[in-house]
Amino acid sequence: MVWNTNLRWRLPVTCLLLQVALVVLFGVFVRYDSDADPHWIDSKMQQNSTSDLENEFYYRYPSFQDVHVMIFVGFGFLMTFLQRYGYSSVGFNFLLAAFGIQWALLMQGWFHSYHQGYIHVGVENLINADFCVGSVCVAFGAVLGKVSPVQLLIMTLFQVTLFSVNEYILLSLLEVKDAGGSMTIHTFGAYFGLTVTWILYRPSLHQSKERQSAVYHSDLFAMIGTLFLWMYWPSFNSAVSNHGDAQHRAAINTYCSLAACVLTSVAMSSALHKKGKLDMVHIQNATLAGGVAVGTAAEMMLMPYGSLIVGFICGIVSTLGFVYLTPFLESRLRIQDTCGIHNLHGIPGIIGGIVGAVTASCASSDVYGVKGLAIAFGFDGFKTNWNASMQGKFQAAGIFVSLAMALVGGIIVGIILKLPFWGQPADENCFEDSVYWEGWAPAPCFNKPST
Amino acid sequence: MVWNTNLRWRLPVTCLLLQVALVVLFGVFVRYDSDADPHWIDSKMQQNSTSDLENEFYYRYPSFQDVHVMIFVGFGFLMTFLQRYGYSSVGFNFLLAAFGIQWALLMQGWFHSYHQGYIHVGVENLINADFCVGSVCVAFGAVLGKVSPVQLLIMTLFQVTLFSVNEYILLSLLEVKDAGGSMTIHTFGAYFGLTVTWILYRPSLHQSKERQSAVYHSDLFAMIGTLFLWMYWPSFNSAVSNHGDAQHRAAINTYCSLAACVLTSVAMSSALHKKGKLDMVHIQNATLAGGVAVGTAAEMMLMPYGSLIVGFICGIVSTLGFVYLTPFLESRLRIQDTCGIHNLHGIPGIIGGIVGAVTASCASSDVYGVKGLAIAFGFDGFKTNWNASMQGKFQAAGIFVSLAMALVGGIIVGIILKLPFWGQPADENCFEDSVYWEGWAPAPCFNKPST
Amino acid sequence: MVWNTNLRWRLPVTCLLLQVALVVLFGVFVRYDSDADPHWIDSKMQQNSTSDLENEFYYRYPSFQDVHVMIFVGFGFLMTFLQRYGYSSVGFNFLLAAFGIQWALLMQGWFHSYHQGYIHVGVENLINADFCVGSVCVAFGAVLGKVSPVQLLIMTLFQVTLFSVNEYILLSLLEVKDAGGSMTIHTFGAYFGLTVTWILYRPSLHQSKERQSAVYHSDLFAMIGTLFLWMYWPSFNSAVSNHGDAQHRAAINTYCSLAACVLTSVAMSSALHKKGKLDMVHIQNATLAGGVAVGTAAEMMLMPYGSLIVGFICGIVSTLGFVYLTPFLESRLRIQDTCGIHNLHGIPGIIGGIVGAVTASCASSDVYGVKGLAIAFGFDGFKTNWNASMQGKFQAAGIFVSLAMALVGGIIVGIILKLPFWGQPADENCFEDSVYWEGWAPAPCFNKPST
């Protein structure tokens, strides 16, 4: 089946309509929060604060910038591993993230920062918007190469909406802790994306098979993405944690988990190849699973050795997934997962939710101190009578809610995206920049195998 | 006409002379400011400050590093889009910036940090030196591929000097606000560079035309530059704003403007191509115009929706400029603008100046609070009797002063650079690394078009 | 001689054994320090601290992230200049660094953070672990292309151990100041690596000569590494300095030294080529020597002009080293130094140690203030009777201790690595990714010279 891939009117109209709507909604709803408003000087004096540093900006801004790099350079370049899809990987990721953060500021704002008719935005909203878009970037990995930018904008519109609902249920109704988003970002994003790509199944995708692999230099570009994700992940998992020790601890745990994950990924990659050679796919992806899997528990008392164990397991599981599970999903379950997000975000996300639930259940005032426990889990207000075991149960419930939202949402959005007029490429033109981009593509000689 | 491009003595002598002069001038003039001096412990105790965090370092250093990345990786890699000019783009940018920041520390120091015979430098000086060099990087974009490194050093010497004079007139004499440098950095840098390239007009440049375009991988390298500029621009526009809410607000506004700009750039890029395909040139450049255009107003009460509107307009204007204005400037006005800086820095810079003037005129104590207004615009000292409308007029005057300085300075410097002994390349050797670099260049097969 | 390079069991077993050992040791020894522990709220109240910002996290975390980028992207990509060794450069660097930081947390922890049976880790430990691994990355540069990943893990195991012992001797026994590690990181790392490569001398390495050079795009990838190292070096040298003015001053001095170094590197590179052309090797490496050489003195009162002079000298010395010394070392002393680390880390490291010793000797309470001097050099406790001249002598002793440790350690580790069963490549297969990596390599047409 051949679709019309000329986006001359569809893409501009979609972009302009969305952006005009965002301008209007921002005009009606969005204002600065008190730390970004010129009246801050007055409130500072009222609170007897002597230091400008007490502005939330200084607690969160460095972490925000690190997260920002992960979303745009990290995810964008990670996906440039495909030999003829570099423009689209980094360019469409740029487009969907730029739209998504605006829409997320509104959606998350209505749920979490809505006071007296206005959404009040500050640096923490910017971080959360980036987080929300992170889950879209994850889902993009599943459908990479097979969808048009119009489809991606539609998917982003719906996914950000569903993300915000799911996040609200988890964080505000179930009172779940999930600072690094193992459940809200990774589990939800991965299973949403997998469901969408399942609905969009292309039986003749093998016609594009020769382009669904890397060449030498595209793998090096992808390593830029991998490394910026890996290096800044401690900032990701600590960016919205409580001030002080929680932020500090989240960074340490993530650092440890990621380091362990590299060694076990390398070990499995070598062990699973008949000549013991390493596979760049595993190095680019499985090494990051440790960051996903401490997303919930990083700010808790997971302990450094606990983090190492989580990273240890995830490096193994994720690499095994790339070798055995991805081909199985494609051949048996008709799930065509371009980047293997099931191995990097799906399974590690669920592991992260479980680790979080177990760690929360084990919390005690021996370990956290009395005040520390109350602060860490918010055991005050209506949660005064909660205990660690209850928290653990709600954490576990969060995993199932996220999965359910992802599956139901993914089916609906997948069906919408299956409509034939979004400009999607034909099966033989997937993974090909020249469908949507003017200009050059790598000369054939660039693509010859040498081993 | 053929010039001698062997720089064996000219380049080393220029570098060494400049560096020796800098060493001597630093020896005579430059000292640490009080926050970087070991006596800081004494002044801290005098001020009853209990926290080491009150050191200016902690307010500005993370932003400084982001700005630093923008200057060296951002501008450097953005210009690697040319297929055979990657070494020069990133290497000459490195050279001129390394020289420029030293000279800027002195020039800006004499104007703004000169006390009791010494220039006192601290982290804010480092940021401002990077800013100053940013305007040279902008101008470099206009002459890219057509000048020798000796010419670039000469241009940097003069441009940093003129930048500092212009900045002094704007910030200190006209009391203009321009924290993100829409006027001082972008407008001045762009029109200075355009004037220089106009004077250096090469009628036979078409002989190098086949090299004045990208290949597949050079466009991906350029996206590294684009993304680091785009991601860190909130730090750029907020780096030297007042502590607290102003810095916070500047980051939010820039984030919003840039996000909107991406969608309208993509929309126009697609709409202007007969098959609706996107052009990497627009994605690499026009998406950044929103950051330029809130450079003046970002720290003011532009409001998030105001930022979106500015970004919205600039994405459209900038993309239109690449498609229609750049060819017109080259064919009719003899302005050969290699990177299209007129579209990314020129017009958006002027828009930014206007937006700043309008936003300042609309300032009121209703919006800012009484104290907030006084702090935001420095309405104290001799400005006690100023009001917003006066501030707006002075802001507008700043645009014209910057343009005048750029044009006059650009003509003088252009004439100096036109002298035949600077080692510039012949018309048929422009955009070619092998003129100035030992070693390899891409094999021809790498450059074949595929569409 | 041909070794078996199939690592199928050796690499996985090595990785898994090391990682299991690390998990056990972390379980027994590693706990959070007080600033990362939930009881921090209690200690904060005891100290009457009103602000969460007093947590060490906020002083050091932005610098930590910059250092982290230097280790993984900086060193990793700097070494991708080899045309067919990009996967290994960035991948093996990733592997050894991920293992090294864990082992360094333990080793350095036992020496410096061991209290009541536990190692207490916080953000400063993470920085120091990265620093320690930095010295392994330096040594990796000498053996690049000639060793297997198993050898690299073994080398890392021993080098981290020796580094920690040497660091303990210098910092704790000799009370040397070396915040940016001119001695502990660069001098030690470089001479250790050079000794190892000397022991591992390969008489027939010329068989791989055609691969021991760059191609056009590999040089651009390497510039990513160079620039991130260059830009973030101010954070490297200031990351563990005393709070406040010392951190501030270290950043300024490093910024100045690096800027000067670029100009003299460019000058020498051009002057030493018969047609005045620049060499990417010099731009990629010698421009960084200024950062190495202020590693010891950056936090002292080196003065901005002093920093410029250090950078000035190092740019010249380092470039001369690449042109004359590296070939001499290879042909006469049988030291095959792939990346020329002797020019970038060896000589500049020693210069840095000397500059530090001289600067420390010249310290006086006139320059530092009475309190400032005591704080800067820790002249209290048992050092109360020390003076600047004694400090200078101990600093100088630190250079010799580092050299001795490097030489002795390098010989032992070199001999261990010479054993024939580590999977090292044959002489004709050095600098070749396909030995250890599955997949693609650049097609031959990519490698043709054009000049």
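A, B, ... follow the sequence lines: proteins, then strands. Residue 1 opens every chain.
- Interface remark: of the candidates Gln284(C), Met231(C), Glu54(C), Met223(C), Met231(C) forms the most heavy-atom pairs closer than 4.5 Å to chain B.
- Within the 4.5 Å cutoff, the side chain of Leu308(C) has heavy atoms near those of the Gln19(B) side chain.
- Side-chain rings of Tyr58(C) and Tyr58(B) stay apart, their centers remaining 6.0 Å or farther from each other.
- Residues Val73(B) and Ile224(C) form no side-chain contact, since every pair of their non-hydrogen atoms from C-beta on lies 4.5 Å or further apart.
- With a threshold of 4.5 angstrom between heavy atoms, Ala260(C) approaches chain B through its backbone and through its side chain.
- Ring to ring, Tyr255(C) and Phe64(B) are close: their centroids are under 6.0 angstrom apart.
- Taking the six-membered ring for Trp and the full ring otherwise, His68(B) and Trp230(C) have centroids separated by under 6.0 Å.
- Proximity to chain C (any heavy atom under 4.5 Å) is shown, for Asp52(B), by both the backbone and the side chain.
- Closest non-hydrogen pair, Val262(C) versus Ala98(B), comes out as CB-CB, 3.6 Å.
- Between chain B and the residues Asp66(C), Thr264(C), Ile309(C), the most heavy-atom pairs under 4.5 angstrom are made by Asp66(C).
- Contact count against chain B (heavy-atom pairs under 4.5 Å) is highest for Gly369(C) among Gly306(C), Cys261(C), Gly369(C), Gly315(C).
- When all heavy atoms of Tyr216(C) and Gly86(B) are compared, the closest pair comes out as OH-N, 2.9 Å.
- Of the atoms belonging to Val367(C), it is backbone heavy atoms, and not side-chain ones, that fall under 4.5 Å from chain B.
- Contact of the Phe92(B) side chain with the Leu278(C) side chain is registered, since non-hydrogen atoms from C-beta on lie closer than 4.5 Å.
- Heavy atoms closer than 4.5 Å to chain B are found in the side chain of Phe312(C), but not in its backbone.
- Both the backbone and the side chain of Asp279(C) come within less than 4.5 Å of a heavy atom of chain B.
- Contact tally against chain C (heavy-atom pairs below 4.5 Å) for Leu7(B), Asp35(B), Val23(B): the top residue is Asp35(B).
- Looking only at heavy-atom pairs under 4.5 Å with chain B, the residue among Ile252(C), Ile283(C), Leu272(C), Leu373(C) that has the most is Ile252(C).
- Contacts between Asp130(B) and chain C at a heavy-atom distance below 4.5 Å involve backbone atoms as well as side-chain atoms.
- Between chain B and the options Leu258(C), Thr287(C), Ile316(C), Val281(C), the largest number of non-hydrogen pairs under 4.5 Å is found for Thr287(C).
- Applying the salt bridge (Lys or Arg N to Asp or Glu O under 4.0 Å) definition to pairs two or more places apart or across chains, those involving residues 240-252 of chain C are Asp245(C)-Arg249(C).
- Using a 4.5 Å cut-off between heavy atoms, Ser269(C) makes no contact with chain B at all.
- Residues Arg31(B) and Tyr305(C) are in side-chain contact: their nearest non-hydrogen atoms beyond the backbone lie under 4.5 Å apart.
- Among residue pairs with one or both ends in residues 16-48 of chain B, those qualifying as ring-ring contact (aromatic ring centres under 6.0 Å, His included) are Phe29(B)-Trp110(B); sequence neighbours excluded.
- You'll find the ring centres of Phe228(C) and Phe228(B) inside the 6.0 Å limit.
- A donor-acceptor pair is defined here as one N or O able to donate and one able to accept, closer than 3.5 Å; no such pair exists between the side chain of Arg8(B) and the backbone of Lys275(C).
- For a residue to count as touching a neighbouring chain, one of its non-hydrogen atoms must lie under 4.5 Å from one of that chain's; by this rule Val24(B) does not touch chain C.
- Residues from residues 120-129 of chain B that place a non-hydrogen atom less than 4.5 Å from a non-hydrogen atom of chain C comprise Val121(B), Gly122(B), Val123(B), Leu126(B), Ala129(B), given in numerical order.
- Contact annotation for residues 234-242 of chain C against chain B (heavy-atom separation below 4.5 Å, listed by residue number): Pro234(C), Ser235(C), Ser238(C).
- Of the residues considered (Val30(B), Asp33(B), Asp37(B)), Asp37(B) shows the highest number of contacts with chain C, using heavy-atom pairs under 4.5 Å.
- For the pair Lys277(C) (side chain) and Ser434(B) (backbone), a donor-acceptor distance under 3.5 Å is present.
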Subject >> Phe221(B) vs His217(C), ring pair (Phe, Tyr, Trp, His ring centres under 6.0 Å): CA-CA, chis, key distance, verdict >> reply: CA-CA 9 Å; Phe221(B) 279 113; His217(C) 283 74; 5.8 Å; yes
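- Atoms NE2 and CZ, from His248(C) and Arg60(B) in turn, are 10.5 Å apart once rounded to the nearest 0.5 Å.
- The two atoms that bring Leu220(C) and Phe77(B) nearest to each other are O-CZ, 3.7 Å, heavy atoms only.
- In terms of heavy atoms, Gly244(C) sits closest to Asn55(B) at C-ND2, 3.3 Å.
- With chain C as the partner, the residue from Phe99(B), Tyr61(B), Phe94(B), Trp9(B) showing the most heavy-atom pairs under 4.5 Å is Phe94(B).
- Per-residue counts of heavy-atom pairs under 4.5 Å with chain B were compared for Lys371(C), Gln247(C), His243(C); the largest is that of Gln247(C).
- Neither the backbone nor the side chain of Ile71(B) comes within contact range of chain C, judged by heavy atoms closer than 4.5 Å.
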